[in-house]
Amino acid sequence: MFRLGDDLAPFYALAAGDPLLRWTVCGAGRMLASPSVFEDVVKTICTTNCAWSGTVRMVSALVELGGGAFPDASTLSATPDSWYRDVARAGYRGPYLRAIARNVEDGALDLEALLPGRDLDDDAVAEVLLALPGIGPYAAAHVMQLLGRHGRLVLDSWTRPRYRRLTKKKRANDASMARAFKHYGAYAGLAFWLFLVKDWTESDDD
DNA sequence: CGTCCAGGTCTAC
DNA sequence: GGTAGACCTGGACGC
């Protein structure tokens, strides 16, 4: 789930020359992913356009549905719309989640094939994700970050103002943020994220 | 009690 | 291709 097999050496080689990210070379940058891509896709949709309390409510309901574990696609596919609406309180997301589950269950959609090392490049993976209902630029970048595909920046209502605050910039649009990390290439998204969360990891010996 | 909006996305111009 | 409006929900906030 931490993808400890992924080699972040190319990223650290770049970060070592960056005063703002040199702190990461001790081994920072491991995301905690879910056991399946399906689970990360569903959870990520549950983070969109709602407060964190809503995400907790929806995901908690899903885990309860799964009897304490995250439910598999066949379970979600077989669960009626009324459950998504009345129990999970997922609102308009319910039909999205169920549609994805149905396509995974019947084999039309193979989300696990999006894992690294399965001969799909990042652009191809992004295309698959963006075609899913409820997955837009933010959610695709977020899922890809968890997959160890770090090229895209996760841009949302938290990261955008966070970036502006840390850089003391009044205005910074999406393109300018991407430009600022472009030299990190395939690791631009990881560099962006670690830049934003540096103060989460500060310790006494820094 | 009405409005706004939170770790956005979709549809219709 | 770029952009308003709508969209479930439920806290926060102003009145």
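Order of the sequence lines sets the chain letters (A, B, ...), proteins ahead of strands, with each chain counted from 1.
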Chemist: Given atom CH2 of Trp83(A) and atom P of dC8(C), what is their separation to the nearest angstrom?
Modeler: 18 Å
Chemist: Assess, by modelled atom type and distance only, whether the side chains of Thr47(A) and Tyr138(A) contain a donor and an acceptor separated by less than 3.5 Å.
Modeler: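 Side chains of Thr47(A) and Tyr138(A): pair found under 3.5 Å.
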Chemist: Report the residue (Cys50(A) or Gly134(A)) whose heavy-atom-nearest nucleotide on DNA chain B is the more 5′ of the two.
Modeler: Cys50(A)
Chemist: To the nearest 0.5 Å, how far apart are CG in Leu97(A) and CG in Leu132(A)?
Modeler: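 It comes to 11.0 Å.
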Chemist: On the 0 to 90° scale, with breaks at 30° and 60°, tag the Phe181(A)-Phe192(A) ring pair as parallel, tilted or perpendicular.
Modeler: perpendicular
Chemist: Contact class for Ile45(A) (heavy atom, under 4.0 Å): base, sugar-phosphate, or nothing?
Modeler: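 Since no nucleic acid heavy atom lies under 4.0 Å of Ile45(A), the category is nothing.
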Chemist: So Leu132(A), base contact, sugar-phosphate only, or nothing? Heavy-atom distance under 4.0 Å.
Modeler: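 Sugar-phosphate contact only.
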Chemist: Which of these nucleotides, dT9(B), dC7(C), dG7(B), is closest to any side-chain atom of Tyr92(A)?
Modeler: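 The closest nucleotide is dC7(C).
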Chemist: Could you check how far CD1 of Ile100(A) sits from C1' of dC10(B), rounded to whole Å?
Modeler: 13 Å
Chemist: Here's a test of your reading of the structure: between Ala131(A) and Val154(A), which maps to the more 5' nucleotide of DNA chain B?
Modeler: Val154(A)
Chemist: Tyr84(A) versus Leu76(A): any side-chain heavy-atom pair under 4.5 Å?
Modeler: yes
Chemist: Expressed as a whole number of Å, how far does the P atom of dG7(B) sit from that of dA4(C)?
Modeler: 23 Å
Chemist: Across all strands, who's sitting opposite dC8(C) as a Watson-Crick or G-U wobble pair, both distances under 3.5 Å?
Modeler: none
Chemist: Pick the nucleotide of DNA chain C nearest each of Ser53(A) and Asn49(A); which residue has the one closer to the 5' end?
Modeler: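 Checking each residue's closest nucleotide, the 5'-ward one belongs to Asn49(A).
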Chemist: Are Leu130(A) and Ile45(A) linked, directly or through intermediate hydrophobic residues, by side-chain heavy-atom contacts shorter than 4.5 Å (ILVMFWY only)?
Modeler: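 No, because Ile45(A) and Leu130(A) fall into different hydrophobic clusters, even though each may have its own neighbours under 4.5 Å.
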Chemist: When the distance from CZ of Arg85(A) to P of dG10(C) is rounded to whole Å, what number comes out?
Modeler: 13 Å
Chemist: Pairing check on dG14(C): which nucleotide meets the Watson-Crick or G-U wobble criteria with it, both distances under 3.5 Å?
Modeler: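 Check on dG14(C): paired to dC1(B), both distances under 3.5 Å.
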Chemist: Between C1' on dG8(B) and CG on Leu97(A), what's the gap in Å once rounded to a whole number?
Modeler: 14 Å
Chemist: Counting the atoms with a prime plus P, OP1 and OP2 as sugar-phosphate, which does Gly54(A) contact under 4.0 Å by heavy atoms, base, sugar-phosphate, or nothing?
Modeler: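 Nothing: the residue Gly54(A), judged by heavy atoms under 4.0 Å, touches no strand.
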Chemist: Heavy atoms only, 4.0 Å cut-off, all strands: where does Ala90(A) land among base, sugar-phosphate and nothing?
Modeler: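 The answer is base, as Ala90(A) lies within the cut-off (heavy atoms under 4.0 Å) of a base atom.
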Chemist: Report the distance from atom CG of Leu130(A) to atom C1' of dC10(B), rounded to the nearest whole Å.
Modeler: 13 Å
Chemist: Which of the following nucleotides, dT9(C), dG7(B), dT9(B), is nearest to the side chain of Arg57(A)?
Modeler: dT9(C)
Chemist: Is a side-chain donor or acceptor of Arg149(A) paired with a backbone partner of Leu115(A) at a separation under 3.5 angstrom?
Modeler: yes
Chemist: OH of Tyr96(A) versus C1' of dC8(C): gap in Å, rounded?
Modeler: 10 Å
Chemist: In this structure, how many angstroms lie between the P atom of dC5(B) and the CG atom of Asp156(A), rounded?
Modeler: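 Answer to the nearest Å: 16 Å.
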Chemist: Does Thr55(A) have a side-chain nitrogen or oxygen under 4.0 Å from the phosphate oxygens OP1 or OP2 of dG7(B)?
Modeler: no
Chemist: What's the CG-P distance between Leu146(A) and dG7(B), to the nearest Å?
Modeler: 17 Å
Chemist: Does dG10(C) have its OP1 or OP2 closer than 4.0 Å to a side-chain nitrogen or oxygen of Arg89(A)?
Modeler: yes
Chemist: Can you tell me, in whole Å, how much space there is between the P of dC10(B) and that of dG10(C)?
Modeler: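 So the two P atoms sit 22 Å from each other.
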